[in-house]
S.K.: 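Once you've had a glance at the structure underneath, I'll fire off some questions.
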Amino acid sequence: MPEMTEHLNKTWKTIIQDENHHIIVNVVDDKIISSCVCVIISNLTRDIRPYAFIENVVTHADYRGKGYSTECLNYAKEIAEKANCYKMMLLTSSKKETTLNFYKNAGYNSTDKTAFIQWLE
């Protein structure tokens with residue numbers, strides 16, 4: 001858990017005030033056990049249709065394999081469809097076959113695009 005700082009509070013306010021930034025959570029027994037972030041990004045191509053970017057798909061280890069992350073991803077898809085997005089994208093740093101199969105089973109593929117990342121300090 002990050003330290004509660006002024007920077008964290010300011011960042012949180014920015015996120016919750018942005019109508020295109022969605023933090024999706026799955027709650028069990030009053031605990032957040034799974035979550036993801038869905039950001040809708042405006043776009044000038046593809047008939048001026050936006051696209052969705054999914055990041056930070058996380059499930060507490062005790063709750064994995066029970067469909068909670070799938071529910072989060074399905075909800076993100078509903079958000080993207082309501083926003084008239086033409087695609088959804090996500091990145092994962094995992095190389096584990098089970099994780100990659102999870103995303104494939106959720107409807108994502110790794111053949112249409114190639115991702116490149118440049119880390120900034």
Side-chain angles (χ1 to χ4, degrees):
M1 180 106 145
E3 181 182 337
M4 194 57 84
T5 63
E6 182 65 30
H7 178 65
L8 182 124
N9 283 325
K10 185 177 179 184
T11 301
W12 178 248
K13 258 187 200 173
T14 300
I15 290 170
I16 63 172
Q17 291 173 351
D18 182 352
E19 65 182 24
N20 290 314
H21 197 138
H22 305 271
I23 298 175
I24 299 162
V25 298
N26 211 324
V27 177
V28 173
D29 297 328
D30 295 324
K31 295 186 292 190
I32 296 174
I33 52 92
S34 186
S35 64
C36 72
V37 173
C38 175
V39 180
I40 306 300
I41 301 169
S42 298
N43 184 38
L44 295 175
T45 63
R46 302 285 181 153
D47 293 324
I48 315 173
R49 292 176 63 194
Y51 58 93
F53 185 75
I54 309 301
E55 186 64 282
N56 300 328
V57 180
V58 180
T59 299
H60 187 283
D62 295 343
Y63 295 87
R64 290 184 185 147
K66 298 180 175 152
Y68 295 119
S69 282
T70 299
E71 289 176 3
C72 288
L73 290 176
N74 288 342
Y75 193 76
K77 185 176 181 181
E78 288 178 28
I79 291 169
E81 289 173 336
K82 286 179 186 170
N84 195 32
C85 291
Y86 76 95
K87 70 177 177 182
M88 295 177 68
M89 298 186 300
L90 67 79
L91 297 174
T92 181
S93 60
S94 178
K95 306 291 186 229
K96 291 171 43 178
E97 199 63 35
T98 54
T99 302
L100 301 179
N101 285 333
F102 165 72
Y103 290 123
K104 288 175 186 172
N105 290 334
Y108 294 86
N109 75 70
S110 59
T111 58
D112 289 346
K113 298 263 185 176
T114 301
F116 290 89
I117 297 175
Q118 182 179 59
W119 296 102
L120 306 174
E121 292 187 36

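Counting begins at 1 with the first residue of the sequence.
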S.K.: Can I get a per-line list of side-chain donor-acceptor pairs under 3.5 Å for residues 24-36, giving both atom names and the distance, sequence neighbours left out?
M.R.:
{"residue": "N26", "atom": "ND2", "partner": "Y68", "partner atom": "O", "Å": "3.3"}
{"residue": "N26", "atom": "ND2", "partner": "E71", "partner atom": "OE1", "Å": "2.7"}
{"residue": "K31", "atom": "NZ", "partner": "Y63", "partner atom": "OH", "Å": "3.4"}
{"residue": "S34", "atom": "OG", "partner": "V58", "partner atom": "O", "Å": "3.3"}
{"residue": "S34", "atom": "OG", "partner": "T59", "partner atom": "OG1", "Å": "2.9"}
{"residue": "S34", "atom": "OG", "partner": "S69", "partner atom": "N", "Å": "3.4"}
{"residue": "S34", "atom": "OG", "partner": "S69", "partner atom": "OG", "Å": "3.1"}

S.K.: Distance-only criterion, 3.5 Å: show the donor-acceptor pairs between side-chain atoms of residues 112-121 and protein atoms not counting sequence neighbours.
M.R.:
{"residue": "D112", "atom": "OD2", "partner": "N109", "partner atom": "ND2", "Å": "3.0"}

S.K.: Could you list the residues that satisfy ring pair (Phe, Tyr, Trp, His ring centres under 6.0 Å) with H21, not counting sequence neighbours?
M.R.: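 For H21 there are no ring pair (Phe, Tyr, Trp, His ring centres under 6.0 Å) partners, ignoring immediate neighbours.
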S.K.: Of the non-hydrogen atoms in S110 and K104, which two are nearest, and what is the gap between them?
M.R.: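 It is OG-CE, 4.3 Å.
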S.K.: A quick test of your reading: do over 12 heavy atoms of other residues, nucleotides or ligands sit less than 6.0 Å from CG of D62?
M.R.: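 Yes, CG of D62 has more than 12 neighbouring heavy atoms, counting only those of other groups under 6.0 Å.
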S.K.: Please report the closest heavy-atom contact between Y108 and M88, naming both atoms and the distance.
M.R.: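 Heavy-atom minimum between the residues: OH-CE, 3.2 Å.
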S.K.: Do you know which two heavy atoms are closest between A80 and A52, and how far apart they sit?
M.R.: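 Closest approach of A80 to A52: CB-CB, 3.8 Å.
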S.K.: For N56, which residues count as a side-chain contact (heavy atoms from CB on, under 4.5 Å) partner, sequence neighbours excluded?
M.R.: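 Only V37 meet the side-chain contact (heavy atoms from CB on, under 4.5 Å) criterion with N56.
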S.K.: How many angstroms lie between atom CD of E6 and atom OG1 of T11, to the nearest 0.5 angstrom?
M.R.: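 Here the interatomic distance stands at 9.5 Å.
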S.K.: Compare all side-chain heavy atoms of I54 with those of L73 and state whether any distance is below 4.5 angstrom.
M.R.: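 Yes - at least one pair of side-chain heavy atoms lies under 4.5 Å apart.
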S.K.: Output, in order, the C-alpha distance, side-chain angles, deciding distance and verdict of side chain to side chain contact (heavy atoms under 4.5 Å, CB included) for N9 and M4.
M.R.: CA-CA 7 Å; N9 283 325; M4 194 57 84; 3.4 Å; yes
S.K.: Please check if atom CZ in R49 has more than 12 non-hydrogen atoms from other residues, nucleotides or ligands closer than 6.0 Å.
M.R.: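 Yes, enclosed.
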S.K.: Show your reasoning for whether side chain to side chain contact (heavy atoms under 4.5 Å, CB included) applies to Y51 and T45.
M.R.: CA-CA 10 Å; Y51 58 93; T45 63; over 6 Å; no
S.K.: What do you reckon, is CD1 of I48 surrounded by more than 12 foreign heavy atoms closer than 6.0 Å?
M.R.: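 Open: at most 12 neighbouring heavy atoms sit under 6.0 Å from CD1 of I48.
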S.K.: Could you work out, with side-chain hydrogen bond (donor to acceptor under 3.5 Å, both in side chains) as the rule, every residue matching N74, not counting sequence neighbours?
M.R.: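 Residues passing side-chain hydrogen bond (donor to acceptor under 3.5 Å, both in side chains) with N74: none at all.
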S.K.: Check I40 against I79 and note the closest heavy-atom contact, atom names and distance.
M.R.: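 Result for this residue pair: CD1-CG2, 4.1 Å.
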S.K.: Table please: side-chain donor-acceptor pairs of residues 94-101 below 3.5 Å, with sequence neighbours left out.
M.R.:
{"residue": "S94", "atom": "OG", "partner": "K96", "partner atom": "N", "Å": "3.1"}
{"residue": "S94", "atom": "OG", "partner": "T99", "partner atom": "OG1", "Å": "3.4"}
{"residue": "N101", "atom": "ND2", "partner": "E97", "partner atom": "O", "Å": "3.2"}

S.K.: What distance separates F53 CZ from K87 NZ, expressed to the nearest 0.5 Å?
M.R.: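 Rounded to the nearest 0.5 Å, the CZ-NZ separation comes out at 10.5 Å.
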S.K.: Which heavy atom of H22 sits nearest a heavy atom of N20, and at what distance?
M.R.: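 Taking H22 first and N20 second, the nearest heavy atoms are CD2-O, 3.6 Å.
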